[in-house]
Amino acid sequence: DLVMTEGATLMGRVMFDGKPLKNVSVGTVSVDRGMEGFTGNFDVGTGEDGRFAFVNLPADVDYFVYGLMKSMQPYGAIPIKKIHSAKDDQATDIGDLVVEPAYRLAGGT
């Protein structure tokens, strides 16, 4: 039997220079990359208030949350944050993800 559940919700807000950052992409991916435990990666965008929400995530799982480089490039980077999703039909608010300066590493020949 295939059992479908409500899943968990993971939400937060992206902040830059003390203000909500709209129209950037946030991703999450399961910490477990093994064949039996990997739940995939998911991307969402932030709204006018800098808030984002992942809905219907596999519940009770460890995830990494991060900012997608392409959308974050003009601002900096969001440090990767490890979180644990709530149980089915529950939500976890991870609070503010604060954008920090980012650096580009380049080499020459």
Side-chain angles (χ1 to χ4, degrees):
D1 292 339
L2 176 61
V3 178
M4 301 294 288
T5 65
E6 292 292 322
T9 298
L10 174 65
M11 58 191 153
R13 181 173 65 167
V14 177
M15 299 293 288
F16 176 67
D17 280 344
K19 298 176 188 145
L21 186 57
K22 65 180 179 178
N23 300 326
V24 295
S25 298
V26 179
T28 189
V29 65
S30 60
V31 172
D32 184 348
R33 299 294 180 101
M35 187 182 301
E36 300 210 9
F38 185 64
T39 62
N41 63 297
F42 308 91
D43 302 335
V44 296
T46 59
E48 294 290 321
D49 58 359
R51 296 198 174 279
F52 62 88
F54 295 95
V55 296
N56 306 114
L57 286 176
D60 204 21
V61 173
D62 288 326
Y63 288 97
F64 289 122
V65 179
Y66 53 91
L68 275 72
M69 288 191 296
K70 187 169 185 168
S71 71
M72 295 299 304
Q73 187 176 9
Y75 310 103
I78 297 172
I80 293 174
K81 185 172 186 173
K82 184 177 176 183
I83 60 91
H84 189 82
S85 65
K87 305 262 186 237
D88 273 321
D89 206 23
Q90 294 183 357
T92 302
D93 188 340
I94 63 171
D96 291 342
L97 301 177
V98 179
V99 177
E100 296 181 1
Y103 302 95
R104 183 176 183 170
L105 182 62
T109 55

Next item on the list: Kindly state each residue pair satisfying ring-ring contact (aromatic ring centres under 6.0 Å, His included) with at least one member in residues 61-105, sequence neighbours excluded.
Entry: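 Qualifying pairs: Phe16-Tyr75.
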
Margin query: Give me each pair satisfying ring-ring contact (aromatic ring centres under 6.0 Å, His included) with a member in residues 24-61, each pair once, sequence neighbours excluded.
Written below: Phe52-Phe54

Margin query: Going by salt bridge (Lys or Arg N to Asp or Glu O under 4.0 Å), name the pairs with one or both residues in residues 25-37, residues two or more places apart or in two chains.
Written below: none

Item checked: Any residue meeting side-chain contact (heavy atoms from CB on, under 4.5 Å) with Met11, in chain and number order, not counting sequence neighbours -> Ala53, Ala91, Asp93

Next item on the list: Name all residues meeting the side-chain contact (heavy atoms from CB on, under 4.5 Å) criterion together with Gln90; count only those two or more places apart in sequence or in a different chain, and write none if there are none.
Entry: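 With neighbours one apart ignored, the set is Ala86, Lys87.
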
Distance-only donor-acceptor hits, side chain of residues 19-27, under 3.5 Å, sequence neighbours excluded:
from, atom 1, to, atom 2, distance (Å)
Lys22, NZ, Glu48, OE1, 3.4

Distance-only donor-acceptor pairs under 3.5 Å for side chains of residues 2-10, two or more places apart:
from, atom 1, to, atom 2, distance (Å)
Thr5, OG1, Asp88, OD1, 3.0
Thr5, OG1, Asp88, OD2, 3.4

Notebook entry, point to check: Do the side chains of Asp62 and Lys82 get nearer than 4.5 Å, heavy atoms only?
Noted result: yes

Margin query: Are Ile94 and Val65 packed together at the side-chain level, in the sense that at least one heavy-atom pair is separated by less than 4.5 angstrom?
Written below: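 Yes; the side chains approach each other to less than 4.5 Å.
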
Notebook entry, point to check: What's the verdict on side chain to side chain contact (heavy atoms under 4.5 Å, CB included) for Thr46 and Arg51, showing C-alpha distance, side-chain angles and the deciding distance?
Noted result: CA-CA 5 Å; Thr46 59; Arg51 296 198 174 279; over 6 Å; no

If you measure from [atom1] on [X] to [atom2] on [Y], what distance do you get to the nearest 0.5 Å?
X	Y	atom1	atom2	answer
Thr28	Asp43	OG1	CG	9.5 Å
Leu97	Lys81	CG	NZ	6.0 Å
Leu57	Ser30	CG	OG	10.0 Å

Checklist line | For Val55, the rest of its hydrophobic cluster, which grows through side-chain links under 4.5 angstrom | finding: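 Traced through the cluster, Val55 reaches no other member.
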
Check: Going hydrophobic residue to hydrophobic residue with side-chain gaps under 4.5 angstrom, can you get from Val44 over to Val98?
Finding: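 Different hydrophobic clusters.
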
Checklist line | Shared hydrophobic cluster, Leu68 / Ile80 (ILVMFWY, side-chain heavy atoms < 4.5 Å) | finding: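 Leu68 clusters together with Ile80.
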
Item checked: All side chain to side chain donor-acceptor pair (under 3.5 Å) counterparts of Asp96, not counting sequence neighbours -> Arg13

Next item on the list: Please name the pair of heavy atoms, one in Val61 and one in Pro58, separated by the smallest distance, quoted to 0.1 Å.
Entry: CG2-O, 3.8 Å

